[in-house]
Amino acid sequence: MRNLAVLLIIGLTVYCVFDVIRSTAEERLGVHPAFWVLLILFVPLLGSLAWLAVRWSRRTATAGHPGAPRQSRRPTAPDDDPEFLWRLDEDRRRTDPGASGDAPPPSTP
C-alpha cells in the first residue's frame, strides 16, 4: 500500500511539472515556471497541491469572465465543418461544370 502512495505522488509530480511547463504566465500568476517546477520537485506533495490549487483558481476565475479568451472549437469531423463541405462542393463543380449539385444523377435503363 505504501508503494502505491509513492507511485501516486510520483505521478502527480510528473503531471504537475508538465502542466506548469505548458501553462501561460497568467495561469502561473506571473511567477517564473522554474520556481513552480522547483517547488513541485523539492516538496512534491505540497508543491503539487499548491500548483493544482492555483491552476484551479485561475481556471474558475477566468471561466465566467466575459473578456476571457475563448478557445475556438473546430469541428471534429469533416462533415461537421461547413467550410470543408463548401470547398468540397466547389471542387466538384470545377471538375464537372455541367453537373448541377441539386439534380439527381441520371438513371440508366
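Note: hydrogens, waters and symmetry copies are ignored here, and every other heavy atom, side chains too, is used. As the structure is a computational prediction, the values presented were derived from the model and not from experiment. For the single chain, residues carry numbers from 1 onward in sequence order.
Remark: S48 OG to I40 CD1 distance equals 5.0 Å, nearest 0.5 Å. Note: E83 CD to L88 CG = 12.5 Å, rounded to the nearest 0.5 Å. One finds the CG atom of L49 at 6.5 Å from the CG atom of L12 (value rounded to the nearest 0.5 Å). Atom CG of L38 and atom NE2 of H32 lie 10.0 Å apart (nearest 0.5 Å).
In this structure, R28 contributes its side chain and S23 its backbone to a donor-acceptor pair below 3.5 Å.
In this structure, Y15 and L52 have side chains that are in contact, with non-hydrogen atoms separated by less than 4.5 Å. The shortest distance between side-chain heavy atoms of W36 and V17 does not fall below 4.5 Å. W51 places a side-chain heavy atom less than 4.5 Å from the side chain of V20.
Contact between P44 and T13 at its shortest, heavy atoms only, is CB-OG1, 3.6 Å.
Both L45 and F35 are members of a single hydrophobic cluster when ILVMFWY side chains are connected at heavy-atom separations under 4.5 Å. Under the 4.5 Å side-chain heavy-atom criterion for ILVMFWY residues, a single connected hydrophobic cluster contains both V54 and L41. I10 and I21 are members of different hydrophobic clusters when ILVMFWY side chains are connected at heavy-atom separations under 4.5 Å.
D91 pairs in a side chain to side chain donor-acceptor pair (under 3.5 Å) with only one of the listed residues (R87, R93, R94), which is R94.
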